[in-house]
2 protein chains.
Amino acid sequence: MQRRTREAAVSRSISIADIARAANVSHSTVSRALRDSPLISAEVRARVQQIASEMGYVPNAIAQSLKERRTNTIGLVVTTIADPFYADVTKGVEETARPAGLSVFLSATYGDPMQELAAIETFRRRQVDGIIVISSRIEAHHRERLRRTRLPIVVVNSQASTGGHALTSVLIDDYAGAHLAMRHLLTIGHRRIAYIGVSNRPFSNERRHAAYIDALRAAGITPDPALTVVAQADPGPEADDVPLGAAALTRLLPLRPTAVFCYNDMLAIGALQSARAHGLSVPKHLSLVGFDDIATAQYVEPPLTTVAQPRLELGRRAMQMLHRLLAGQPVTSAVLKPDLTLRASTGPPDRNQ
Amino acid sequence: MQRRTREAAVSRSISIADIARAANVSHSTVSRALRDSPLISAEVRARVQQIASEMGYVPNAIAQSLKERRTNTIGLVVTTIADPFYADVTKGVEETARPAGLSVFLSATYGDPMQELAAIETFRRRQVDGIIVISSRIEAHHRERLRRTRLPIVVVNSQASTGGHALTSVLIDDYAGAHLAMRHLLTIGHRRIAYIGVSNRPFSNERRHAAYIDALRAAGITPDPALTVVAQADPGPEADDVPLGAAALTRLLPLRPTAVFCYNDMLAIGALQSARAHGLSVPKHLSLVGFDDIATAQYVEPPLTTVAQPRLELGRRAMQMLHRLLAGQPVTSAVLKPDLTLRASTGPPDRNQ
DNA sequence: GCGGGTAATGCAATCGTGTGCATCAATGCA
DNA sequence: TGCATTGATGCACACGATTGCATTACCCGC
């Protein structure tokens with residue numbers, strides 16, 4: 001195949017060498033001219049830039065990365081992009097990365113720790129400068145392996161049972177958020193409050209449940225273990241919490257709670273459907289509080305009172321922290337405070353019950 | 001700074017040269033051994049692979065890409081990842097790309113054609129093998145520029161007023177979907193049907209509206225132009241169609257339609273809220289049909305009858321088509337058929353009206 | 001007129017892999 | 001024993017860009 005060498009391959013995109021030939025200078029001069037090096041005379045610089053533009057030159061970021069040993073690229077690992085929560089965090093990451101000249105690799109893992117490690121391995125091969133992992137399921141022993149890779153990593157809302165230690169992390173304050181929800185329910189008069197949790201996000205579930213227990217105790221109420229239902233979710237997709245919430249509420253109804261605090265909005269929406277199916281009116285017969293404040297929460301009937309997570313902010317902060325790590329600056333983990341969004345799914349308990 | 005050169009820099013990750021030194025062979029031998037070349041003797045191959053594994057070798061994909069002139073990387077351009085529609089298509093793309101060894105760059109453009117072109121330019125610099133653009137806003141004259149880059153591009157649901165010509169595309173059949181919705185409304189007895197459209201997705205809006213008009217005419221009904229309201233949306237975010245839908249319905253109510261076909265579910269949800277605010281019961285006083293079948297559609301009250309787009313399938317197909325383009329195989333554009341999902345927001349018109 | 005300084009450019013190495021070609025040793029065959 | 005063949009390995013270049021250092025030409029001052 002002599003053709004390949006003679007005819008400059010199949011028409012590959014032009015390089016500084018091509019420009020150098022056209023301008024009758026060395027490729028070093030072209031490189032310097034394009035980078036506005038003061039070493040190059042004004043005329044030559046202008047001429048080279050002119051020619052480069054005419055030839056439609058596009059710098060090859062791969063070659064630059066190889067030389068600079070920096071790709072200006074980060075990897076983002078999410079459970080699934082189809083979940084609006086992760087989508088919003090992803091948006092926060094992406095919109096912060098882009099202006100900084102960083103491109104984002106996206107990889108989904110569907111809650112499987114092995115796939116998560118595989119995704120990180122792929123990113124490492126691709127020489128990303130850093131990695132952000134949302135709701136990591138990687139446990140402590142693998143953590144150690146990660147730290148040894150020396151790749152800057154920021155974890156968001158880690159779900160490892162050990163919490164976000166050892167790695168830089170940005171977390172939502174699950175305990176404080178749950179406390180807000182419970183204080184609200186207690187303040188408007190509820191005393192028989194149930195909790196619907198979920199099994200496949202162990203860390204934040206534990207924190208929210210702990211706040212639930214503590215808030216009850218602080219109000220002088222002895223928690224009834226029967227009022228806590230932790231839905232057994234598949235370790236995988238976590239696609240649909242709604243039916244889990246519906247089933248959980250069905251189990252709870254015979255115990256006559258006047259309010260339910262749900263681990264998240266999807267469970268709350270499921271509970272809402274179940275309540276309606278059982279002929280109960282929300283909030284008249286039953287108050288419901290969710291967690292996350294996903295967009296759907298405001299569109300269901302009645303609109304959901306919920307603990308709002310600053311999802312975009314989680315993503316932005318994670319990206320900012322990673323950016324500082326890349327610059328070699330010191331970074332401390334952050335904990336963000338959630339807010340309570342009051343809507344129409346909560347009200348005083350029914351006096352006639 | 002002699003240290004840098006003497007002490008092998010700051011501890012950079014190990015390369016085939018390091019393995020070569022440890023195994024007392026040349027780096028070519030290492031390269032061949034790791035790639036299972038038949039040129040290498042069995043013992044040497046085993047020894048090299050053993051040492052590589054012990055030293056924790058990770059191949060440098062950047063260097064490979066430079067050499068192979070192929071990055072096994074694609075760029076995905078979306079309007080905004082926070083919209084569940086784009087998130088689902090993205091999921092389809094990602095889950096199809098990963099098993100094929102392709103990594104996905106993600107970039108959001110917020111509906112700005114200039115940002116879209118900038119994103120594509122960045123991807124070109126990064127030498128992606130191909131690009132998928134969802135709901136492109138790039139018009140014909142820029143299209144031509146794109147085609148000349150010779151970069152394989154697949155567009156999904158292009159919104160250019162000229163349609164998806166000239167580039168490989170996968171489109172939803174907007175006309176057929178809208179026709180399904182209209183046939184349903186006409187069949188159950190509606191004759192005074194309104195249309196709520198949107199201005200910033202001109203192509204699909206035009207197709208859906210055309211089907212609306214044609215279906216009316218086919219039923220012997222002369223379309224009343226006053227019953228068509230096209231909400232003027234910002235060219236930018238397209239974040240919230242809900243208030244647009246609410247406002248549009250408020251304008252339509254004095255004209256007494258018995259049913260409204262909405263360009264998408266978000267507009268329909270806004271219309272639903274507005275109807276409720278005006279004391280109208282859905283579907284008793286007003287039937288509503290949306291388009292997309294986003295997750296929220298099934299959780300509002302009443303659940304929304306809507307035209308379901310195969311969102312994941314759109315993403316998967318786009319990725320499969322790009323894959324074939326990369327392999328140099330011939331590819332023809334595809335048009336996917338939507339389905340009608342019947343729920344509770346539609347019913348026969350109110351006799352007493 | 002010559003040495004020294006400065007401005008502008010080219011040479012060559014480098015980043016980490018992949019591979020055509022040359023080299024070398026061992027073996028087989030005459 | 002000598003030569004051809006085969007198998008295994010190393011050398012060197014390529015991919016495209018950046019950059020330290022050498023080189024060249026020019027100008028200035030003594």
Side-chain angles (χ1 to χ4, degrees), chain A residues 1-2 4-6 8-48 52 55-72 124-127 129, chain B residues 1-2 4-6 8-48 52 55-72 124-127 129:
Chain A
M1 302 300 144
Q2 296 227 340
R4 285 199 68 251
T5 58
R6 310 207 63 145
V10 201
S11 95
R12 66 168 185 285
S13 63
I14 66 146
S15 70
I16 57 172
D18 301 319
I19 301 174
R21 254 187 304 278
N24 246 317
V25 293
S26 72
H27 72 279
S28 331
T29 301
V30 173
S31 174
R32 292 195 177 98
L34 294 177
R35 301 173 65 78
D36 283 324
S37 159
L39 290 177
I40 301 298
S41 70
E43 315 98 279
V44 173
R45 183 184 326 175
R47 188 159 55 92
V48 167
M55 297 178 75
Y57 170 71
V58 176
N60 184 324
I62 294 293
Q64 290 176 322
S65 296
L66 181 60
K67 175 67 180 157
E68 299 300 308
R69 339 188 80 210
R70 162 153 195 165
T71 55
N72 290 314
R124 224 152 73 92
R125 267 206 355 256
R126 294 201 178 277
Q127 310 292 117
D129 295 333
Chain B
M1 299 301 143
Q2 296 227 337
R4 285 198 68 252
T5 57
R6 310 207 62 147
V10 201
S11 95
R12 67 171 184 284
S13 61
I14 67 144
S15 69
I16 56 171
D18 301 318
I19 300 173
R21 253 188 303 278
N24 248 316
V25 293
S26 73
H27 76 278
S28 332
T29 300
V30 173
S31 173
R32 293 194 177 99
L34 294 177
R35 302 173 66 78
D36 282 324
S37 160
L39 289 177
I40 301 299
S41 68
E43 315 97 282
V44 173
R45 183 184 325 175
R47 188 158 55 92
V48 166
M55 296 178 76
Y57 170 71
V58 176
N60 184 324
I62 294 294
Q64 290 177 323
S65 297
L66 180 60
K67 177 68 182 159
E68 299 299 308
R69 340 186 82 214
R70 160 151 196 166
T71 55
N72 290 314
R124 223 152 73 90
R125 268 205 356 257
R126 293 200 178 279
Q127 311 291 116
D129 296 333

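Proteins come first, then strands; the chains are lettered A, B, ... in the order of their sequence lines, and each starts at number 1. As a basis for the values below, the full set of heavy atoms in this structure was taken, side chains included, without hydrogen atoms, waters or symmetry mates. This one's a predicted model, so the numbers in the text were calculated from it and none came from an experiment.
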- Note on the structure: With sugar-phosphate taken as primed atoms, P, OP1 and OP2 and all else as base, the protein-contact string of nucleotides 18-26 of chain C at under 4.0 Å (heavy atoms; B, S, -) is BBBB-----

- Message: Can you measure A/Q127 atom CD to C/dG16 atom P for me and round it to whole angstrom units?
- Response: 9 Å

- Item | Listed partners of A/A52 passing side chain to side chain contact (heavy atoms under 4.5 Å, CB included), at least two apart | A/I19, A/L34, A/Y57

- Item | Integer-rounded Å distance: C/dT9 C1' and A/R45 CZ | 14 Å

- Rounded to 10°, the angle between the first-five-pair and last-five-pair axes of the helix from C/dG1-D/dC30 to C/dA30-D/dT1 is 70°

- Does B/V44 or B/L66 map to a spot on DNA chain D nearer the 5' end, using the closest nucleotide for each? B/V44

- Got a sec, which residues hit side chain to side chain donor-acceptor pair (under 3.5 Å) with B/R124, two or more places apart in sequence or on another chain? none

Atom pairs and distances, side-chain donor-acceptor, residues 60-67 of chain A, under 3.5 Å, sequence neighbours left out:
residue : atom : partner : partner atom : Å
A/N60   : OD1  : A/I62   : N            : 2.8
A/N60   : OD1  : A/A63   : N            : 3.1
A/S65   : OG   : A/A61   : O            : 2.7

- Check: A/N72 and B/R126 side chains under 4.5 Å, non-hydrogen atoms: yes

- Counted 5' to 3', the first and last nucleotides of DNA chain D within 4.0 Å (strictly under) of a heavy-atom of chain B are D/dA8 to D/dG16

- Item | Those residues that, when tested against B/D36, pass side chain to side chain donor-acceptor pair (under 3.5 Å) (two or more places apart) | B/Q49

- Task: For A/A46, check side chain to side chain contact (heavy atoms under 4.5 Å, CB included) against everything at least two apart and list the hits.
- Result: none

- Query: Who passes salt bridge (Lys or Arg N to Asp or Glu O under 4.0 Å) against A/R70, sequence neighbours left out?
  - Reply: A/D129

- Here the distance between atom P of C/dT17 and atom CG of B/N72, to the nearest Å, is 16 Å

- Sorted by chain and residue number, the side chain to side chain donor-acceptor pair (under 3.5 Å) partners of B/R21 (sequence neighbours excluded) come out as B/D18

- Item | Contacts of B/R45 that satisfy side chain to side chain donor-acceptor pair (under 3.5 Å) - sequence neighbours left out | none

- Under the side chain to side chain contact (heavy atoms under 4.5 Å, CB included) test, which residues partner B/A20, sequence neighbours left out? B/H27, B/V30

